[in-house]
Amino acid sequence: MPRRIVLRRDDPSPEGGDLTIDYRGELNEQQAAAATAKGGPVLIVAGAGTGKTRTLVYRVAYLVETGVRPEQITLLTFTRRAAREMLTRASALLDGRCQRVRGGTFHAFCLTILRRHAQAIGFKERFTILDSADAADVVDILRTNSGYHKGEKRFPRKKTLYTMFSAERNRDQPLEQVVETQYPQFIPYMDALHDLATQYDQYKRQHSLMDFDDLLLRTLELFQQHDDIRQQVATRCRHVLVDEYQDTNRLQAELVRHFGSVHGNVTVVGDDAQSIYRFRGADFRNIFDFPEQFENTQVLKLEENYRSTQAILDLANHLITQAQRSFDKELVAASGEEGDTPAVVPATDARDEARFVAQMIHDLREGGTPLNDMAVLFRSSFNSYDVEVELNRKNIPYVKYGGMKLSEAAHIKDVLAHLKVLENPADAASWNRVLQLLHGIGPKTAGDLIDWITSDAEDPFTLKERFYSGRYVEALKELFNLLRRLRTEELPLIAQVEAVVEYYEPICKDTYYEDFPKRLQDLEHFVGLAENASNRSDFLASLALDPIELSAMEAEPAQDDEPPLVLSTIHSAKGLEFSNVFIIHALEGVLPSQYAVKDPEAVDEELRLLYVAITRAKDDLFISYPMLQYRRYQGEHMARPSRFIEDVPEDLLEPVRLVEEGAASADLPENNHQALPGSSDTGSSDESAQSNDNLPF
DNA sequence: AGAAGGTCGTTTTTT
DNA sequence: ACGACCTTCT
């Protein structure tokens, strides 16, 4: 037993008189208590808009001010955007001293650990990351080779398989249970599914690949197998802070436990009413398990809402009572301001709904509201198509969050695959993509070539005297020349990317001839991105873990420096706030989603989703829906408004009627179906600035 | 083996 | 509207 010398913590002076920030002055009592809480486990239960982020920012500042070194603080957030914003704000409080706080998403933080210790669990240090499409492609290779799909009945598709495997890991449920509850139609294939899941794991190990789940799972594995590494990592986590704790799953909760296992200083912040990632294994209950996992947890609450008017909060409070499980929450506006009653706006069809939204936004912008202080929120990314068309027509610039990502576009993935092959020559998934781009090479040939390439770890980029087939040798030679040149010349990243793009352009032109110019433009943007990255490995990782919205590229950035309007899925709008919010497509089957309606727990989650959307609004809120909906084949269909807003009293949610310009605003029930909810002259007592009455159309 | 063309089934939310 | 999968042609 080696001799032990205990390192004392030099604890900062507890109530040091020399703090530069006046915490009690700048925060309310509850916030200040949370920000300056002593070490140990702390659970902050915070309602929407109660200054959760602000409190966390001040807590970071407080810790730094009281002597914790920034690099000993680990701040785990849901997105990188959130991490960046918090660190910028904390640094602003303390003239830059918080820059070196470590942080980011669970996945990104785990990646930094794994890069250092991957060998300990049998991965190459330069393993590459599979995004969900890549992962599905790997599964597809195994699926095709296995021949399981050749049976009589339908075998699950690649995406479904990957989703199943991912669910098993994220929910910590055996595959049987996932299949029985979610995919009963595939129960007969249970053995095949097990086999494929095992093969998938082996394949990734063999080729040094990790999917998103692996980043969390392998980190846990690392800690379990190597206690010294766990200790080393946890020692550097003097304080762990976790935002959005209600949306962590068991894996993440387990990781938090490990990170905090040396110092025990873990602060988590969350709101059970805003838990919206059940599909990823999050359970709003985990926030209540926290005190059980960490003894002597201090539980603190933030209750005053600083964001919204009381009228908006009244609606939110009312809606959340519809949940099966009750949330003991009653949001109260700190400002005491009542504000305008939120409006519900039925439109004839999606096009009229879009016209309404675009017109309102146009008028508000004319009236001085900055575009980026308004948002259009929706359940699924395609719900915004009509709005996008209208915005383009009116020349209103926007960014869309939650849509197609740059790195998901086929042509970008192609280029990325070349870079990944350079990074990790064992990355068979990328080889597969790279090789099949060549004429004359399909799945079979690619597979054979890959076996041969990846078996020669020494010199993977040299074409040996084998596999000659007239159809593709020339192309193959050209590819290998490129790779070998990039491999040996140690060019800066930007030059590598340029070389790959130059090589790829003709291929791109060939395969995507219809919209080649548009794709070429994306490729140029992509080259530009490489300029800001420090090295290839970081570049590839950040594209996978912090994907860039394709629409942010397309909408030429800042023509006139006016920050654009925000279009966002509700999921991606988490944590944000806007003075005016438009929630569109509030329809049965959309919100709640048609996939949720059978399961009461899933319906609850959809309700929480609406709750999150509503509580993004500071001043004005409009919920709209089309009365006619397009269905694939049958053309137009009657749509039902969302069950969540159907029976809301009119003093909480005021009906508004859209009237076509020129038409008499008298009541003409031009629709023979479901009456418009209430007529427009339900006499709201005062027609305040924002007329919620007949909107001229 | 691969390309090309036709048919059938599916369709959310994200790291 | 798209992708997966099957059939037929090169």
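Keep in mind that the numbers below use all heavy atoms, side chains included, and drop hydrogens, waters and symmetry copies. In what follows, chains carry the letters A, B, and so on, assigned in the order in which the sequence lines appear, proteins first and then strands, with residues in each chain numbered from 1.
In this structure, A/T79 does not reach the B/dT14 phosphate: none of its side-chain N or O atoms is under 4.0 Å from OP1 or OP2.
Between A/R218 and A/D201 a salt bridge is recorded (basic side-chain N to carboxylate O distance below 4.0 Å). Note on A/R351 versus A/D349: no salt bridge recorded, every NZ/NE/NH1/NH2 to OD/OE distance being 4.0 Å or above.
In this structure, the nucleotide among B/dA1, B/dA3, B/dT12 sitting nearest to the side chain of A/S380 is B/dT12. Across B/dT15, B/dT14, C/dA4, the shortest atom-to-atom separation from the side chain of A/S132 is found for B/dT15. Side-chain proximity of A/R157 to the nucleotides B/dA1, B/dT12, C/dA4 is greatest for C/dA4. With B/dT13, C/dA4, B/dT15 as the candidates, the nucleotide lying closest to the side chain of A/H571 is B/dT13. Comparing B/dT14, C/dA4, B/dA3 by their nearest atom to the side chain of A/R280 picks out B/dT14. In this structure, the nucleotide among B/dT10, B/dT14, B/dT12 sitting nearest to the side chain of A/S593 is B/dT12.
If you measure from atom NZ of A/K400 to atom C1' of B/dT12, you get 13 Å, rounded to the nearest angstrom. Across the protein-nucleic acid pair, A/Y277 atom OH and B/dT12 atom P stand 16 Å apart, rounded to whole Å. For A/R218 and B/dT15, the CZ to C1' distance is 16 Å, given to the nearest whole Å. In this entry the distance linking OH of A/Y162 with P of C/dG3 reads 19 Å, nearest Å. Rounded to an integer number of Å, the gap from OH of A/Y401 to P of B/dT13 is 17 Å. In this structure, the NZ atom of A/K598 is 13 Å from the C1' atom of B/dT12, given to the nearest Å. The distance between atom CZ of A/F155 and atom P of C/dC6, rounded to the nearest whole Å, is 13 Å. Note: CD (A/Q252) to P (B/dT15) measures 12 Å, nearest angstrom.
Among the protein residues, A/K159 comes within range of no part of the nucleic acid, since none of its heavy atoms lies under 4.0 Å from any strand.
Here the side chains of A/E601 and A/R278 are in contact, with some heavy-atom distance below 4.5 Å.
Judged by centroid separation below 5.5 Å and plane tilt below 30°, A/F279 stacks onto the base of B/dT13.
Summary of the strand contacts: A/E606 and A/F106 both lie near DNA chain B, and taking for each the nucleotide with the nearest heavy atom, the more 5' one is attributed to A/E606.
The closest side-chain donor-acceptor pair between A/D211 and A/Y200 falls under 3.5 angstrom.
Annotation: A/Y277 is in aromatic contact with A/H571 [ring centroid separation under 6.0 Å].
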